[in-house]
Amino acid sequence: MKIGLISDIHANLEALEAVLNGLQAESVDRIICLGDLVGYNADPEACIERIQSECEVTLAGNHDFGATGKYSTEFFNEAARKALAWTKEKISPEHKQYLENLPLQFVDGDIMGVHASPDEPGHWHYVHSMQDAKEAMKAIPAPICFIGHTHIPGVFTMDPNENVGMEFEPTFYFEPGKKVLINVGSVGQPRDGDPRACYGILNAGEGTYQMKRCSYPIERVQEKMAAEGLPENLILRLAIGK
Ligand code: ZN
């Protein structure tokens with residue numbers, strides 16, 4: 001069983017298409033989306049439709065609820081708030097209803113997923129530090145949990161004595177007895193200094209998780225954003241992956 005993991009698409013259609021092609025080439029059995037389908041970039045409607053047709057499980061992110069009014073946009077920074085105001089005008093009532101009804105988490109046997117942190121999924125805590133990861137892993141009922149939200153990929157581990165470690169290698173090998181918290185990174189707005197779209201593949205048979213990157217036509221996305229009058233800092237950051 002191979003599972004494709006994607007998160008934080010943020011209405012970046014070119015990045016999403018590149019990632020879906022990559023997942024198809026790897027013959028994944030199913031795709032799980034950890035939320036933030038919209039916000040920041042210029043193609044919310046097309047991205048929602050592609051996710052609806054390609055993903056078996058799709059979770060809610062803070063931007064998804066922000067775009068529907070379910071979560072107040074006062075908690076977002078100025079550029080994000082402007083992009084959400086633009087997004088609100090663009091999405092159809094059907095898509096708004098779809099986003100509003102997305103679940104906050106899924107659990108399936110040994111794996112689970114949330115957008116932000118398994119410690120209070122609806123409060124959108126950021127998991128940046130080892131301490132954040134420890135609190136998050138203490139909260140998970142399943143041994144493997146997938147997250148997004150920070151747009152920074154990486155794997156946190158915790159042994160039975162609650163010693164926490166972190167790995168950034170492209171291939172991670174699961175070890176029995178260790179809890180694992182995997183940030184799958186961002187499809188549509190990476191922030192780890194690598195502007196390529198980020199996603200992951202869980203190979204249950206091999207006991208591995210692979211962090212994957214793929215290039216996409218960033219300039220085309222930037223041109224669409226400029227044409228829609230989206231904030232300049234959101235346009236510029238795509239090229240540097242920050
Ligand atoms: Zn996000």
Side-chain angles (χ1 to χ4, degrees), residues 5-16 18-19 31-44 46-48 50-51 55 57-68 70-88 90-91 95 98-100 102-105 113-128 132 136 145-154 181-200 211 213 216 218 221 225 230-231 233-238 240-242:
L5 281 311
I6 63 174
S7 189
D8 298 274
I9 294 86
H10 287 297
N12 185 334
L13 184 62
E14 282 73 13
L16 177 60
V19 165
I31 302 173
I32 293 171
C33 172
L34 302 169
D36 273 4
L37 285 64
V38 301
Y40 296 134
N41 300 308
D43 278 306
C47 286
I48 292 170
R50 291 295 281 138
I51 297 282
C55 299
V57 175
T58 301
L59 302 180
N62 50 326
H63 286 253
D64 302 320
F65 283 176
T68 70
K70 190 167 176 173
Y71 179 56
S72 172
T73 53
E74 71 181 280
F75 300 110
F76 294 87
N77 67 38
E78 195 189 341
R81 210 163 46 233
K82 279 186 182 162
L84 280 174
W86 176 89
T87 304
K88 265 186 191 168
K90 289 283 169 181
I91 50 176
H95 284 161
Y98 166 75
L99 293 178
E100 247 167 16
L102 290 173
L104 286 169
Q105 65 172 5
V114 295
H115 178 67
S117 169
D119 178 23
E120 304 183 300
H123 286 77
W124 321 111
H125 302 304
Y126 287 89
V127 179
H128 277 300
D132 299 337
C145 180
F146 295 99
I147 60 170
H149 197 44
T150 65
H151 299 203
I152 296 172
L181 186 69
I182 299 176
N183 192 314
V184 307
S186 170
V187 171
Q189 194 200 72
R191 294 178 191 161
D192 61 341
D194 183 342
R196 293 176 300 164
C198 188
Y199 62 105
M211 185 181 84
R213 303 303 282 243
Y216 70 94
I218 292 175
V221 178
M225 293 170 79
L230 286 161
N233 60 329
L234 298 181
I235 298 172
L236 296 175
R237 70 188 303 176
L238 288 181
I240 52 170
K242 281 281 183 192

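Ligands are counted one by one from 1 in listed order, and the atoms in each one are counted from 1 as well.
Between His125 and His123, the two ring planes are parallel [angle under 30°; tilted spans 30° to 60°]. Between His10 and His151, the ring planes lie tilted relative to each other; the angle falls in the 30° to 60° range.
Phe76 and Tyr40 have their aromatic ring centers separated by at least 6.0 angstrom.
Considering only heavy atoms from C-beta on, His115 comes within 4.5 Å of Ser7 through its side chain.
Partners of Phe146 by ring-ring contact (aromatic ring centres under 6.0 Å, His included), not counting sequence neighbours, listed by chain and number: Tyr209.
Around the Zn ion (ligand 1), the protein atoms of type N, O or S that sit closer than 2.8 Å are Asp8 OD1, His10 NE2, Asp36 OD2, His151 NE2.
Salt bridge status for Arg213 with Asp192: present, with a side-chain N to carboxylate O gap under 4.0 Å.
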